[in-house]
Amino acid sequence: MDHILVTGSLGQLGSELVPALQVKYGRIGVIATDNHPPAGDDYPGQFHLLDVLNKAAIQETIEKYQITQIYHLAAILSANAEKNPALAWRINMDGLLNVLEIAREAGISKVFWPSSIAVFGPDSPKTHTPQNTLMNPNTIYGITKVAGEKLCAYYNEKFDMDIRSLRYPGLVGYKSLPGGGTTDYAVEIYHQAARSGSFTCPLAENTALPMMYMPDAVRATLELMAADKKSLCVKTSYNLAGISFAPKEIYAAIVRHCPDFMIAYSPDFRQQIAASWPDSIDDSAAQKDWNGKWRTISKG
Ligand SMILES: NC(=O)c1ccc[n+]([C@@H]2O[C@H](COP(=O)([O-])OP(=O)(O)OC[C@H]3O[C@@H](n4cnc5c(N)ncnc54)[C@H](O)[C@@H]3O)[C@@H](O)[C@H]2O)c1
């Protein structure tokens with residue numbers, strides 16, 4: 001029987017991935033962890049405090065719960081990373097190295113680690129950005145994701161491990177709040193429309209970015225993890241595409257339902273990050289290798 005460890009499980013992705021994993025493996029089979037406790041006393045499942053910088057604690061948790069798969073989500077996201085690059089490097093890189101080393105030592109059968117479209121940079125093609133292209137990111141977050149991809153590929157090849165990864169676009173869902181990324185505005189705008197009736201957007205109105213509806217991202221993750229290892233040719237991380245839109249397009253969609261909703265554009269440091277990222281992504285390698293059908297909702 002599989003026992004799944006999820007790090008950083010209280011974040012935007014973990015809040016929706018953990019329930020999906022519980023459906024597949026049962027509540028008893030999923031150990032959700034984070035470096036702070038959940039809000040409230042009644043976490044719906046098994047929760048364990050775990051800092052990914054504490055290698056011994058990861059090791060103990062893996063032994064205690066007889067973990068067979070790890071979903072390593074703990075990270076500092078793009079906008080927060082720019083505020084504290086050294087911390088972002090420690091958590092994103094040392095945390096990943098700890099998990100990979102322990103997985104190797106413990107013979108963990110599978111590891112999932114999310115990468116991001118932030119691996120691309122100003123000299124990558126802007127539209128339909130291919131799987132393999134120039135990747136020279138100019139953000140610390142992007143640098144940790146490129147280095148993380150290379151580290152995963154190294155462990156896959158050197159130690160014959162099974163580490164799988166997706167380059168998520170900006171994730172948009174209504175069940176959880178985003179954690180300090182450049183695409184957070186696409187979630188926050190809905191909350192502000194409902195709460196205050198106005199929103200100040202940190203990106204310029206025409207800044208198109210690749211995005212994905214959270215249930216599609218969760219489904220893609222589970223499908224990748226279920227795919228036959230022999231069919232997976234990409235040992236770093238798969239491009240993943242949903243839709244692309246700019247702030248003015250979400251605003252136009254919301255205003256159809258909330259005619260009094262106001263928006264102001266006040267681009268800040270996040271505009272520069274967004275400007276270095278692709279407008280749209282080519283994920284044909286993922287479609288070819290594991291035939292994902294994750295775009296049903298995002299395309300709908
Ligand atoms: N949300 C997106 O749009 C998006 C897009 C691309 C990639 N990703 C990747 O997906 C993963 C999850 O992202 P998310 O949106 O859920 O992020 P998030 O910021 O919402 O959640 C990250 C979680 O990690 C935890 N964490 C931070 N430091 C930790 C530590 N030292 N030990 C243990 N836990 C720690 C935080 O408490 C938080 O709950 C990350 O690797 C991120 O880079 C997310």
Side-chain angles (χ1 to χ4, degrees), residues 5-18 20 31-39 43 47-55 57-58 61 70-81 83-84 86-99 111-120 137 139-149 151-152 163-188 209-214 216-218 220-221 224 237-242 270 273-274 277-278 281 298:
L5 177 80
V6 184
T7 71
S9 71
L10 298 178
Q12 190 195 9
L13 175 59
S15 302
E16 300 207 33
L17 183 60
V18 167
I31 317 301
T33 71
D34 209 298
N35 66 349
H36 62 91
Y43 185 82
F47 183 85
H48 191 92
L49 271 182
L50 183 64
D51 183 338
V52 296
L53 295 179
N54 187 341
K55 194 174 170 193
I58 306 175
T61 311
I70 304 176
Y71 286 68
H72 175 46
L73 311 183
I76 302 291
L77 271 69
S78 56
N80 283 346
K83 293 177 195 160
N84 193 340
L87 180 70
W89 180 267
R90 278 188 69 217
I91 291 176
N92 296 5
M93 295 312 305
D94 294 353
L96 176 60
L97 187 60
N98 284 343
V99 166
V111 177
F112 176 77
W113 171 77
S115 185
S116 160
I117 56 156
V119 292
F120 301 112
T139 63
I140 187 66
Y141 176 69
I143 291 166
T144 65
K145 289 299 186 186
V146 170
E149 286 192 8
L151 198 59
C152 291
I163 306 149
R164 305 182 181 193
S165 177
L166 295 171
R167 290 174 184 154
Y168 290 127
L171 302 179
V172 183
Y174 64 93
K175 291 186 181 164
S176 51
L177 289 170
T182 302
T183 54
D184 288 7
Y185 89 86
V187 176
E188 283 161 1
L209 287 170
M211 302 276 187
M212 181 170 265
Y213 186 45
M214 184 64 89
D216 289 348
V218 167
T221 306
L224 172 69
S237 185
Y238 279 97
N239 274 9
L240 186 65
R270 286 169 279 193
I273 301 176
W277 289 355
I281 296 289
S298 287

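Numbering of ligands and ligand atoms starts at 1, following listing order. The figures that follow rest on heavy atoms only: side chains count, while hydrogens, waters and symmetry mates do not.
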Of all the atoms in ligand 1, which lie at a distance below 4.0 Å from a heavy atom belonging to [X]?
X: Ser115; answer: 6 (C), 7 (C)
X: Ser116; answer: 6 (C), 7 (C)
X: Gly179; answer: 19 (O), 20 (O)
X: Gly11; answer: 16 (O), 18 (P), 20 (O), 21 (O), 39 (O)
X: His36; answer: 37 (O), 39 (O)

Protein heavy atom at shortest distance from [atom]:
atom: atom 9 (C) of ligand 1; answer: Pro114 CB, 3.8 Å
atom: atom 23 (C) of ligand 1; answer: Gly8 O, 3.6 Å
atom: atom 40 (C) of ligand 1; answer: Leu73 O, 3.3 Å
atom: atom 16 (O) of ligand 1; answer: Leu13 N, 2.8 Å
atom: atom 1 (N) of ligand 1; answer: Gln12 OE1, 2.9 Å
atom: atom 30 (C) of ligand 1; answer: Asn35 ND2, 3.5 Å
atom: atom 32 (N) of ligand 1; answer: Val52 N, 2.9 Å
atom: atom 22 (C) of ligand 1; answer: Ala75 O, 3.9 Å

Any non-hydrogen side-chain atom of [X] less than 4.5 Å from a side-chain atom of [Y]?
X: Trp277; Y: Thr183; answer: yes
X: Asn80; Y: Tyr141; answer: no
X: Ile58; Y: Leu50; answer: yes
X: Met214; Y: Leu17; answer: no
X: Asn98; Y: Val52; answer: no
X: Phe47; Y: Ser9; answer: yes
X: Val119; Y: Pro137; answer: no
X: Asn84; Y: Ile76; answer: no

Legend entry - No-hydrogen, no-angle side-chain donor-acceptor test under 3.5 Å, Ser115 and Ser165: no

Legend entry - Flag for Thr7-His72: side-chain donor and acceptor within less than 3.5 Å: yes

Inset, instruction - Mind listing the closest non-hydrogen atom pair of Met211 and Ala186 along with its distance? - result: CE-CB, 3.9 Å

Checking the N or O distance criterion of under 3.5 Å, is ligand 1 in contact with [X]?
X: Leu171; result: yes
X: Leu53; result: no
X: His72; result: no

Legend entry - Tyr174 atom OH: more than 12 heavy-atom contacts under 6.0 Å: no

Does [X] approach ligand 1 within less than 4.0 angstrom via side chain, backbone, both or neither, non-hydrogen atoms only?
X: Leu50; result: backbone
X: Ser176; result: neither
X: Asp51; result: both
X: Leu77; result: side chain
X: Lys145; result: side chain

Inset, instruction - First locate atom CG of Asn239, then atom OH of Tyr168, and finally report the distance between them rounded to the nearest 0.5 Å. - result: 13.5 Å

Inset, instruction - Please say which of Asp184, Asp216, Val187 ends up in a side chain to side chain contact (heavy atoms under 4.5 Å, CB included) with Val172. - result: Val187

Any [X] heavy atom less than 4.0 Å to ligand 1:
X: Pro169; result: yes
X: Thr7; result: no
X: Tyr141; result: yes
X: Gly170; result: yes

Legend entry - From Leu177, Leu10, Leu240, Asp34 - option closest to atom 36 (C) of ligand 1 by heavy atom: Asp34

Inset, instruction - Evaluate the criterion side chain to side chain contact (heavy atoms under 4.5 Å, CB included) for residue pair Val6 and Leu73; output intermediate values, then yes/no. - result: CA-CA 7 Å; Val6 184; Leu73 311 183; 3.8 Å; yes

